[in-house]
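To find a chain, count down the sequence lines: A is the first, B the second, and so on, and within it residues start at 1.
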Protein chains: 2
Amino acid sequence: MKEGPDIARIASLVGDPARANMLTALMDGGALTASELALEAGVSLPTASSHLAKLMDGKLLTVASQGRHRYYALSGAEVANMIEAISGVAAHSGPRRARPGPRDKSMREARVCYDHLAGDHAVAMFDRLIAQEIIVRDDEEIRLGPAGQGFFAAIGIDTATLGASRRPMCRACLDWSVRRSHLAGSLGTAILDKILAEKWARRPTGSRVVEFTPPGRKAFEKLFLS
Amino acid sequence: MKEGPDIARIASLVGDPARANMLTALMDGGALTASELALEAGVSLPTASSHLAKLMDGKLLTVASQGRHRYYALSGAEVANMIEAISGVAAHSGPRRARPGPRDKSMREARVCYDHLAGDHAVAMFDRLIAQEIIVRDDEEIRLGPAGQGFFAAIGIDTATLGASRRPMCRACLDWSVRRSHLAGSLGTAILDKILAEKWARRPTGSRVVEFTPPGRKAFEKLFLS
DNA sequence: AGAATGCTTCGACTAGCATCGAACCATGGA
DNA sequence: TCCATGGTTCGATGCTAGTCGAAGCATTCT
C-alpha cells in the first residue's frame, strides 16, 4: 500500500491555489521576496508566510536572507520539472481556456522554464539537434552526440566543462503547451544564456515570456533550425 | 497571476493520500477494479468511489466497464510521467524512510492483493508454474497449461468448475515490491483459499500481511517451488 | 423471478486547514 | 536610542473536503 516516497504530501503542497501561484511565479528561476509572493498569490502577508514555511518544510523552496529581505526561490530544477509535468496534465484536463489570448500566444512560442528555454521554439530546436545528431536519445537518457562538441564549441559553449559538473548536461523536459520534449540541463541553461547575452531576445520583467527581436529570431533560426 | 492551466486543481487531486495510493497502484499501467483500489488505498468502498469520480472528473483516469466490473486505469503516459516527477521530488524532500521496518518486510514477502496472494512468494510461485507449464502466458493472456488440470486436481482445486465461471481464471497482476507478475483471477483466489484452509498461513486482522507458519512455509515450498 | 455481487449516490459527521487581524521579532536608518 | 519597514507567530473563525453507514442501481448467476 504505502510504497514509494510520500507523494501525497508534496502534491498537496502544490494543491493549494495560493501556493501553486507562488510556485508558478518562481518558475522563471528568479527569486522573490515574501511580500511579492503574497501579492502574486493574492493573499495577505501572514497567510503567505505560513505557506512559505510549509513549502520550505517540504524542501520545495530555498531562501536567502539579504538585509531585511528574504528571497525565496525554487530549490532546484527537479521541482521546476515537476511543475511543468503537472501543468502538462492540467492543460489537457482543465476547463479549456476559451481563447488563448495574446499573452498565452507568446508563452506558447517561447518562455523560460526555470533556467532553460521552453515553448515551440525550444521544441523545434530540440528536434533539429536530434536530427543532426548533435544530441542523441539513448532510451530514456539524452547525451551529446558525435557532432555535438564541435557544434557547441563553434558558438562558444564548452561542453567539456559542462560535463565535468555534477548536474546532468542534457535532460529532456516535457512541454505543457506542445506535448513534446525540449532540452533542459546545464546545456539548456547555456543555450538560454547565449540567446540573452547575444541580445537575440529579452525578458519582460515579471513574466516568463521570452521575446525574440526580429533579427534575433533570424539568428536563432539560422543557428538551430537550418 | 493566473496564467497557465489550473495546476492547483490537479495537484490537489494527487494530494489526498487515498487518491495518491490509487494512482501509484495504477502506475504499472494495469487496470484495477473499484474494490481493488479501495483496498489499495485503505478506505471504504463508498469513499473510494467518490475519489474515483473526482479523478475521472480531472481526466486522470479512464474507465472500462466489463460486465459488472469497472476497470480503472491511468488515462495516459503523461499522467504517469507526472507521478514520476512528483515522486522524484518527494524522494528528496520526504522523511527518508529510515528502515523498512518488520511490517514492510513481511508485506514484501507475502500479502493479500484483493483476493489472491502477492509478494515474493507469489512471484516465485508464478515463475514456477510457468516453468512447469502448469500455466502458460499467451501474449498478454494467461491460460491453464497442459500440466495444469492434473496438478490442481491433485490438490483439490477443480479447474473445470472454475473455468465454467465468467470470471477470468488466470490473470497476471503486477507487484509493486518486485516489479513482476503474480497470479490473480479465480485460480489465484482458489490457491489463497487453500493456503488459508490448510492453515499454512494466517492473516492478522486489519492487515494485508500473510504470515506463514514454519511448517506451512515448508508445505507451500514443497508444493509450488520444487 | 429471486438472490448475490459490484459499484454509486445520499446524508450526516468530523477534522483539518486556509484565512486574516493583531501582536511580536529583526534589521536598517535617523 | 527611537522609529520605520519587512517577516513571522499567535489566536480565533469559518469553510471545505474526506469519511463511513445505509440505501439505491445495475448486472450476472441460479
S.K.: Rounded to the nearest Å, what distance is computed from the CG atom of residue B/Leu55 to the P atom of nucleotide D/dG18?
M.R.: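 From B/Leu55 CG to D/dG18 P: 10 Å.
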
S.K.: Which residues pass the side-chain contact (heavy atoms from CB on, under 4.5 Å) test with A/Thr213, sequence neighbours left out?
M.R.: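 Partners of A/Thr213 by the side-chain contact (heavy atoms from CB on, under 4.5 Å) criterion, ordered by chain and then number, come out as A/Pro215.
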
S.K.: Distance check, rounded to the nearest 0.5 Å: B/Ile10 atom CD1 versus A/Ser87 atom OG?
M.R.: 8.0 Å

S.K.: If you check the B/Leu45 side chain, which of C/dC20, C/dT8, D/dG6 turns out closest?
M.R.: C/dT8

S.K.: Return the value, rounded to whole Å, for the distance between atom NE2 of A/His51 and atom P of C/dC20.
M.R.: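 Those two atoms, NE2 and P, are 8 Å apart.
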
S.K.: Figure out the CG/P separation between A/Asp16 and D/dT16, and round it to whole Å.
M.R.: 13 Å

S.K.: To the nearest Å, give me how far apart CG (B/Leu52) and P (D/dG18) are.
M.R.: 13 Å

S.K.: Taking OP1 and OP2 of D/dG7, is either one under 4.0 Å from a side-chain nitrogen or oxygen of A/Ser35?
M.R.: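 Yes, within the criterion.
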
S.K.: Within this structure, what is the OH-to-P distance between B/Tyr71 and C/dT8, rounded to whole angstrom?
M.R.: 14 Å

S.K.: A/Asp57 has an atom CG; how far is it from atom P of C/dC17, in whole Å?
M.R.: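 So the two atoms are 12 Å apart, to the nearest Å.
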
S.K.: Quick one: A/Leu61 CG to D/dG7 P, roughly how many Å, whole number?
M.R.: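 Going from CG in A/Leu61 over to P in D/dG7 covers 14 Å.
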
S.K.: With respect to the side chain of A/His69, which nucleotide from C/dT8, D/dG6, D/dG18 is positioned closest?
M.R.: D/dG6

S.K.: Calculate the interatomic distance between B/Lys54 atom NZ and C/dT9 atom P; express it in whole Å.
M.R.: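 Distance, rounded to whole Å: 12 Å.
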
S.K.: Decide salt bridge (Lys or Arg N to Asp or Glu O under 4.0 Å) for A/Glu84 and A/Arg111; before the verdict, give the C-alpha distance in whole Å, the side-chain angles of both, and the deciding distance to 0.1 Å.
M.R.: CA-CA 12 Å; A/Glu84 278 279 331; A/Arg111 68 177 180 280; 3.6 Å; yes

S.K.: If you only use heavy atoms from C-beta on, which nucleotide in C/dA18, D/dG18, D/dT8 is closest to the side chain of A/Tyr72?
M.R.: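 Of the candidates, D/dT8 comes closest.
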
S.K.: Begin from the C-alpha positions of B/His121 and B/Phe224 and carry the test ring pair (Phe, Tyr, Trp, His ring centres under 6.0 Å) through to its verdict.
M.R.: CA-CA 10 Å; B/His121 280 42; B/Phe224 289 113; over 10 Å; no

S.K.: Look at atom CD of B/Gln132 and say whether more than 12 heavy atoms of other residues, nucleotides or ligands are closer to it than 6.0 Å.
M.R.: yes

S.K.: Which one, D/dT19, C/dT8, C/dC20, comes nearest to the side chain of B/Arg70?
M.R.: C/dT8

S.K.: Passes side chain to side chain donor-acceptor pair (under 3.5 Å), A/Thr189 versus A/Ser186? Steps please.
M.R.: CA-CA 5 Å; A/Thr189 304; A/Ser186 62; over 6 Å; no

S.K.: Return the nearest nucleotide to the side chain of A/Ala34; candidates are D/dG7, C/dT8, C/dA18.
M.R.: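 For the A/Ala34 side chain, the nearest candidate turns out to be D/dG7.
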
S.K.: Looking only at heavy atoms, what is the nearest atom pair of A/Ser75 and A/Lys59, with distance?
M.R.: OG-O, 2.9 Å

S.K.: Give the B/S/- string for nucleotides 21-30 of chain C, one per nucleotide from 5' to 3', where a protein heavy atom under 4.0 Å of the base yields B, of only the sugar-phosphate yields S, and otherwise -.
M.R.: BB----BS--

